[in-house]
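Worksheet: one structure, shown below.
Below, all heavy atoms of this structure are taken into account, side chains as well, without hydrogens, waters or symmetry copies. Keep in mind that what you see is a predicted model, and the values were worked out from it rather than measured.
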Amino acid sequence: MKKNGKAGGPLQHVTVLDMSRVLAGPWCTQTLADFGATVIKVEHPSRNDVTRQWGPPYLPDDTGGNSNESAYYLATNRSKHGIAVDFATPEGQAFLKDLATKADVLVENFLPGTLARYGLGYEELKRANPKLVYCSITGFGQTGPLSKQPGYDYMIQAASGLMSITGVPDGEGGQPMRVGIPVADLFTGMAATQAILAALLARDTPGHPQHGKGQWLDLCLFDVQITMLANQLMTTLLSGKSPGRIGNRHPSIVPYQCFDTADTPIIIAVGTDEQYQDLCGIMEMPDMAEDPRFISNPDRVQHRNLLEGLLQQRFLARPSTHWLNACSKCGIPAAPILDIRQAIEHPQSMAHNLFHPIMHPLGMEIKLPRNPIRFSDTPVTDPVAPPMLGQHNKLYGLPPFKHAKKPVG
C-alpha cells in the first residue's frame, strides 16, 4: 500500500479489535487507526456506544431529523470499521473469539471481570491467541477498594486532585473547576496507545524475552490522571502540602499568566530571566529589570503580587496587538486568547492542513481533524468517516445491520 510514493502507515500490518466505548478506549484505537491499523469497532446492536446519544449537535439523517452520529462520537471514532454484535449471546461470543484469534490487539473498557464472564477475558483469549496484546482500561484498575466502580472523566478529575488546583481561589469567588475537555480520558487513551505500541515492539523484536508473546495491559483513569499532575504532584510529594488553586497564574514561574490590556486579555509566558529582561525592555520599565526583587525567577515568585500589579498597570496602557507584536519581535512567548473557531481558522492551522473534508455515508460533507503526528516515510492515513452502527457487518460475514429510521429523538 503506497501513498504519495511512500509506504503506508506504520501500523498497516496490525489488526485491532476495539471493544471499548465512550472516550479513553476509542481515543486510543482512533490513534492506532490513524497510524494505519485496521480497527474493528464492536458495538451492541441496541445498547451501542453511548456517545452516539451525547448531543446535540448531531448529523441530520435523510429525513432532516437527528441521526445517531453525534459530534462527540464523530470526534473519537474516525477511520474504523464498525460491526454490531451482542457478546451476551453464544453466537456473538464465538464470532468475537474467532476475531480475537486473528487480531494483534484487543482494547476493552468494561468493569473488571465483565468480558471474562462471556469467555472473552484475557486468560481465555490468551490460550486461543498467545500473541494477543489485551488492553483493559477502567476507572480504577483491576484491584483496590474502588476497582468495581465505574469511572467517568469528571469524577476522576475530582478524585485525582486535578480539580483542587484548577480554578481561582475560594477567596476570589471561585470554586474547584474541571478542565474544559475530558483530559483524564484523553490522557488515558494516549497512555494506552503508548502501552500497546511498547507491547507490540516487545512481542515483535527477536531476542526480546517477550518475543512472540502478547501480554495484558492494565490502565486506569485514576492512576493516569494522578501521575499526569506532573510538577504539582512532585511539589506535593516534596512539601507534603497540596498547592491549591491560583487561577491563571503559574505556581513556580512569574510572570506566566493572563494580563488585561487596553482592549482584550493576553497570555504572557516568561520562562527565563533573559525573557524577563526583554519584557522590561518592551514595556519601557528599566528599573524593574534591575530591581533585586525581580532579577531571578525565585525572586519574582517571592514578590509576585508586587510584580504582577506593576506589570498589569503597564499592560493596560496599550492594546493587545501592540504587546503581542512587541513580544513577537523579541521572542517573548505571548498569545491572544482565541476561541475554538478562531483557532481552527488561524493561518497556522491552515498551514498545517489540520482538517480534512470527507463525505459521510449520510451524504453530508464534514471536516475531520487529522492526527497531528507527522512521519517522514510512513504517513498517517487521511481520516475516514467514523462508522455508522453495524456499517461493516457484511464485510466481516455478519448479517447486514438495519438502522431504525430515526435512532435519536
| query | Does His352 use its side chain to pair, donor to acceptor, with the backbone of Leu354 at less than 3.5 Å? | reply | no
| field | Greater than 12 external heavy atoms within 6.0 Å of Tyr396's OH | value | yes
| task | For residues Val270 and Tyr256, determine if any side-chain heavy atom of one lies less than 4.5 Å from a side-chain heavy atom of the other. | result | no
| said: Using 0.5 Å steps for rounding, measure from the NE2 atom of His392 to the NZ atom of Lys394. | reply: 12.5 Å
| query | Does a donor on one side chain sit under 3.5 Å from an acceptor on the other, for Asp18 and Thr29? | reply | yes
| Crowded around Ile340 CD1? As in, over 12 foreign heavy atoms under 6.0 Å? | no
| said: In the structure I gave you, are the side-chain heavy atoms of Leu99 and Ile83 within less than 4.5 Å of one another anywhere? | reply: yes
| Side chain to side chain, Val14 and Phe35, heavy atoms closer than 4.5 Å | no
| message | Taking the basic N atoms (NZ, or NE/NH1/NH2) and the acidic carboxylate oxygens, is any pair closer than 4.0 Å for Asp153 and Arg178? | response | no
| query | If you count the non-hydrogen atoms of other residues, nucleotides and ligands that lie under 6.0 Å from CE in Met177, is the total more than 12? | reply | no
| query | Do Phe95 and Pro90 come close enough that some side-chain heavy atom pair is under 4.5 Å? | reply | no
| note | Ser252 and Val301 have their tightest heavy-atom pair at O-CG2, 3.6 Å
| task | Could you grab the distance from atom OH of Tyr58 to atom CG of Leu74, nearest 0.5 Å is fine? | result | 11.5 Å
| task | Verify, without hydrogens or angle tests, whether Thr381 (side chain) and Pro383 (backbone) share a donor-acceptor contact under 3.5 angstrom. | result | no
| message | Under 4.0 Å between a side-chain nitrogen and a carboxylate oxygen: does that hold for Asp34 and Arg78? | response | yes
| message | Using side-chain contact (heavy atoms from CB on, under 4.5 Å), reason through Ile266 and Leu324 one step at a time and then give a plain yes or no. | response | CA-CA 8 Å; Ile266 61 173; Leu324 291 171; 4.0 Å; yes
| said: Using modelled atom types and a 3.5 Å cut-off, is there a donor and acceptor pairing between side-chain atoms of Gln30 and backbone atoms of Pro26? | reply: no
| said: Whether the side chain of His303 engages the backbone of Asp299 through a donor-acceptor N/O pair (distance < 3.5 Å, no angle test) should be reported. | reply: yes
| Hey, is the main chain of Asp382 close enough, under 3.5 Å, to the side chain of His356 for a donor-acceptor pair? | no
| Sub-4.5 Å side-chain heavy-atom contact between Met163 and Val179 | no
| Between Thr236 and Ser242, is any side-chain donor less than 3.5 angstrom from a side-chain acceptor? | no
| said: Before you tell me yes or no, could you show the steps for Tyr134 and Leu115 under side-chain contact (heavy atoms from CB on, under 4.5 Å), namely the whole-Å CA-CA distance, both residues' side-chain angles and the distance that decides it to 0.1 Å? | reply: CA-CA 12 Å; Tyr134 190 109; Leu115 290 186; 3.6 Å; yes
| message | Quick one: does any side-chain atom of Asp98 pair with a main-chain N or O of Ala94 as donor and acceptor, under 3.5 Å? | response | no
| said: Just so I know, are the side chains of Ile196 and Val107 near enough to count as touching, which here means a heavy-atom distance under 4.5 Å? | reply: yes
| How many angstroms lie between atom CD of Gln277 and atom CZ of Phe294, to the nearest 0.5 angstrom? | 12.0 Å
| Does the gap between the ring centers of Trp54 and Tyr73 come in under 6.0 Å? | no
| Stepwise side-chain contact (heavy atoms from CB on, under 4.5 Å) test for Leu279 and Ile282 | CA-CA 5 Å; Leu279 181 66; Ile282 68 169; 4.0 Å; yes
| task | Compute whether any side-chain donor of one residue and acceptor of the other, for Gln142 and Ser147, lie under 3.5 angstrom apart. | result | no
| task | Look at atom CE of Met190 and say whether more than 12 heavy atoms of other residues, nucleotides or ligands are closer to it than 6.0 Å. | result | no
| said: Is it the case that the side chain of Thr261 and the backbone of Asp263 share a donor-acceptor pair, with hydrogens and angles ignored and the cut-off at 3.5 Å? | reply: yes
| query | Considering all heavy atoms of both residues, which atom of Ile344 and which atom of Ser349 are nearest to each other, and what is their separation? | reply | O-CB, 3.4 Å
| request: Mind checking the CD-OG1 spacing from Glu69 to Thr51? Nearest 0.5 Å is all I need. | output: 9.5 Å
| remark: Rounded to the nearest 0.5 Å, the CZ atom of Phe259 sits from the CG atom of Asn248 at a distance of 10.5 Å
| request: Please answer whether the main-chain N or O of Phe315 pairs with a side-chain N or O of Trp323 as donor and acceptor at a distance below 3.5 Å. | output: yes
| Does some side-chain heavy atom of Leu197 sit less than 4.5 Å from a side-chain heavy atom of Leu32? | yes
| So, do Phe110 and Phe87 have ring centers that fall under 6.0 Å from each other? | yes
| task | Please examine the side chains of Met283 and Leu311, heavy atoms only from C-beta on, and report whether any two atoms are closer than 4.5 Å. | result | yes
| query | Would Asp204 and Lys131 satisfy salt bridge (charged side-chain N to carboxylate O under 4.0 Å, His left out), going step by step from the backbone distance to the final call? | reply | CA-CA 9 Å; Asp204 296 339; Lys131 292 186 175 183; over 6 Å; no
| message | Would Arg300 pass as a cation-pi partner of Tyr276, given that its NZ or CZ must be under 6.0 Å from the six-membered ring centre and within 45 degrees of the axis? | response | yes
| query | So, for Thr188 and Leu221, which heavy atoms are closest and what is the spacing to 0.1 Å? | reply | OG1-CA, 3.4 Å
| remark: All heavy atoms of Cys327 vs all of Ile268, minimum pair found to be SG-CD1, 3.9 Å
| said: I'd like to know whether Thr227 forms a side-chain contact (heavy atoms from CB on, under 4.5 Å) with Leu229, so could you lay out the CA-CA distance, the side-chain angles of the two residues, the decisive distance to 0.1 Å, and finally the verdict. | reply: CA-CA 5 Å; Thr227 58; Leu229 295 176; over 6 Å; no
| message | When you measure from the side chain of Gln391 to the backbone of Met388, do you find a donor-acceptor pair of N or O atoms at a distance under 3.5 Å? | response | yes
| message | Is there a side-chain hydrogen bond (donor to acceptor under 3.5 Å, both in side chains) between Ser320 and Thr264? Walk through the geometry before answering. | response | CA-CA 6 Å; Ser320 58; Thr264 59; 3.1 Å; yes
| CG/Leu106 to CE/Met19 distance, rounded to the nearest 0.5 angstrom? | 6.5 Å
| request: Examine distances only and state if a side-chain atom of Ser136 and a backbone atom of Glu108 form a donor-acceptor pair shorter than 3.5 Å. | output: no
| query | Which atom names give the shortest non-hydrogen contact between Arg245 and Asp170, and what distance separates them? | reply | NH2-OD1, 2.6 Å
| task | State, to 0.1 Å, how close Ala262 and Ala317 come at their nearest heavy-atom pair, and which atoms those are. | result | CB-C, 4.5 Å
| Qualifying residue, where the test is salt bridge (Lys or Arg N to Asp or Glu O under 4.0 Å) with Asp49 and the options are Lys80, Lys41, Arg21 | Lys41
| query | For residues Gln157 and Gln225, is any side-chain donor paired with an opposing acceptor at under 3.5 Å? | reply | no
